[in-house]
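Both backbone and side-chain heavy atoms feed into the values below; hydrogens, waters and symmetry mates do not.
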Amino acid sequence: MILDWSRLKHAYGSASDLPRLFDEVGDPELADVAWEELWASLYHQGSVYTASFAALPVLADIATGRKPGGRWQALGLAGRILVEEQQLHEPG
């Protein structure tokens, strides 16, 4: 099953940009900026979003080396999302 990221939300609206960011964290030249964007989008000022939880399997793949990227960044972001699950930010 392919996830339709555009149906999910993060801190800045549609999560349709997340697949690109997940690819960029595996590129040494783009990784730093991509991680900054992921952190800001998925864990913004202590709030998490529908896309934050949907991102957990991808972050797990990065953390375990099944997908390229910074393992520690992935673990840190996943941990913050799980810790703040009670701070789910939803419109209305």
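E84 CD to Q45 CD: the interatomic distance, rounded to the nearest 0.5 Å, is 12.0 Å. Atom OG of S47 is separated from atom CG of L42 by 12.0 Å, given to the nearest 0.5 angstrom.
Here the closest non-hydrogen pair linking I62 and A74 is CG2-CB, 3.7 Å. The minimum heavy-atom distance between V48 and I81, with the atom names listed, is CG1-CA, 3.8 Å. What you find for S16 and P19 is that their closest heavy atoms are O-CD, 3.4 Å. When all heavy atoms of Y49 and F53 are compared, the closest pair comes out as O-CD1, 3.3 Å. L82 approaches L56 most closely through the heavy-atom pair CD2-CD1, 3.8 Å.
Annotation for R7: atom CZ does not count as buried by contact number, only 12 or fewer foreign heavy atoms lying within 6.0 Å.
Cluster membership check: V33 does not share its hydrophobic cluster with Y43, using side-chain heavy-atom separations under 4.5 Å among Ile, Leu, Val, Met, Phe, Trp and Tyr.
With contacts defined as side-chain heavy-atom distances shorter than 4.5 Å, the pair L18/V58 does not qualify. With contacts defined as side-chain heavy-atom distances shorter than 4.5 Å, the pair D27/D23 does not qualify. No side-chain heavy atom of V25 sits less than 4.5 Å from a side-chain heavy atom of L30.
Under a 4.5 Å side-chain heavy-atom cut-off, the cluster of Ile, Leu, Val, Met, Phe, Trp and Tyr residues that includes W72 is completed by L75.
The existence of a salt bridge linking D61 and R71 is excluded, since no basic side-chain nitrogen approaches an acidic carboxylate oxygen closer than 4.0 Å.
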Assess whether side chain to side chain contact (heavy atoms under 4.5 Å, CB included) is satisfied between E37 and H10, documenting all intermediate values. CA-CA 11 Å; E37 288 185 47; H10 60 46; over 6 Å; no

Test log, rule side chain to side chain contact (heavy atoms under 4.5 Å, CB included), inputs W39 and S41: CA-CA 6 Å; W39 275 86; S41 297; over 6 Å; no

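Taking the six-membered ring wherever Trp is involved, the centroid distance between the rings of H44 and Y12 falls below 6.0 Å.
With no hydrogens or angles considered, no side-chain donor-acceptor pair links E24 and W35 at under 3.5 Å.
Evaluation of the ring pair (Phe, Tyr, Trp, His ring centres under 6.0 Å) rule for W5 yields F22 as partners, not counting sequence neighbours.
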